[in-house]
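These notes are about the structure you will find just below.
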Amino acid sequence: KNEVEQSPQNLTAQEGEFITINCSYSVGISALHWLQQHPGGGIVSLFMLSSGKKKHGRLIATINIQEKHSSLHITASHPRDSAVYICAVRSYGGATNKLIFGTGTLLAVQP
Amino acid sequence: SAVISQKPSRDICQRGTSLTIQCQVDSQVTMMFWYRQQPGQSLTLIATANQGSEATYESGFVIDKFPISRPNLTFSTLTVSNMSPEDSSIYLCSVPGTGGETQYFGPGTRLLVL
């Protein structure tokens, strides 16, 4: 079993829909990252969370440390949101800056 | 923030040859990471490169196959040696943000080995 699990693996939505991507992890962590990878391969860091909730534009990320679960929400989705969304955790007490990655969620937003 | 560039952005190589990927950062960083992303898979850490010392390789990766150089605090190279089709992947370099608050990634090098 992977230490970081994401669901769903694939998601197709219509423009304007509210989208939720989930991430569960089995290790103790010091931080959790949400990353966005576009088809060309480049990766952008969206959020780094250690507790609570963060919001940036139409993106909201939440984390529940007790339940070892995080969600990434996209409000009013748009075709330009189409990308792979990756959850990554920095394990507590692990090697400095070493991240453990989920397998990603492929999101396609149709106009 | 850190801006990272990689060269080449993509390449098609023949089996048995080697390719060196360059990673340039616009600021000085202590640690640089090299990741591999095989088709349909998530990122896997190959090694951590510190300036002035040998790179630290993760389980399953060896220096003979993936030699790394780190001549200064803004530059690193990863060589994929004696390539086989199984080495076809995206290779990304990455650096931590200040205080470990975030992590920055290069645009990746898309490698296809025939």
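Chain identifiers are assigned alphabetically (A, B, ...) following the order of the sequence lines, protein sequences preceding nucleic acid strands; residue numbering begins at 1 within each chain.
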State yes or no: do [X] and [Y] share one hydrophobic cluster built from I, L, V, M, F, W and Y residues joined by side-chain heavy-atom distances below 4.5 Å, directly or via other members?
X: A:I21; Y: A:V89; answer: yes
X: B:I21; Y: B:F33; answer: no
X: A:L49; Y: A:L72; answer: yes
X: A:F101; Y: A:V44; answer: no
X: A:V109; Y: A:W34; answer: yes

- Message: Heavy atom to heavy atom, less than 4.5 Å: which residues from residues 78-92 of chain B reach chain A?
- Response: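 So far as heavy atoms go, B:I90, B:L92 are the residues that approach chain A to under 4.5 Å.
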
- Those residues of residues 38-64 of chain B, ordered by number, that approach chain A below 4.5 Å (heavy atom to heavy atom): B:S42, B:L43, B:L45, B:E58

How about [X]: does its [atom1] atom have over 12 heavy atoms from other parts shown lying under 6.0 Å from it?
X: A:Q14; atom1: CD; result: yes
X: A:E17; atom1: CD; result: yes
X: B:R10; atom1: CZ; result: no

- Distance (rounded to the nearest 0.5 Å) between A:R90 CZ and B:Q103 CD: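 A:R90 CZ to B:Q103 CD: 5.5 Å, rounded to 0.5 Å.
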
- Gap separating the CG atom of A:L99 from the OH atom of B:Y35, nearest 0.5 angstrom: 4.5 Å

- Note on the structure: If one checks every heavy atom of A:L106 against chain B at 4.5 Å, the contacting part turns out to be neither

- Between A:I43 and chain B, which part of the residue has a heavy atom less than 4.5 Å away: side chain, backbone, both or neither? both

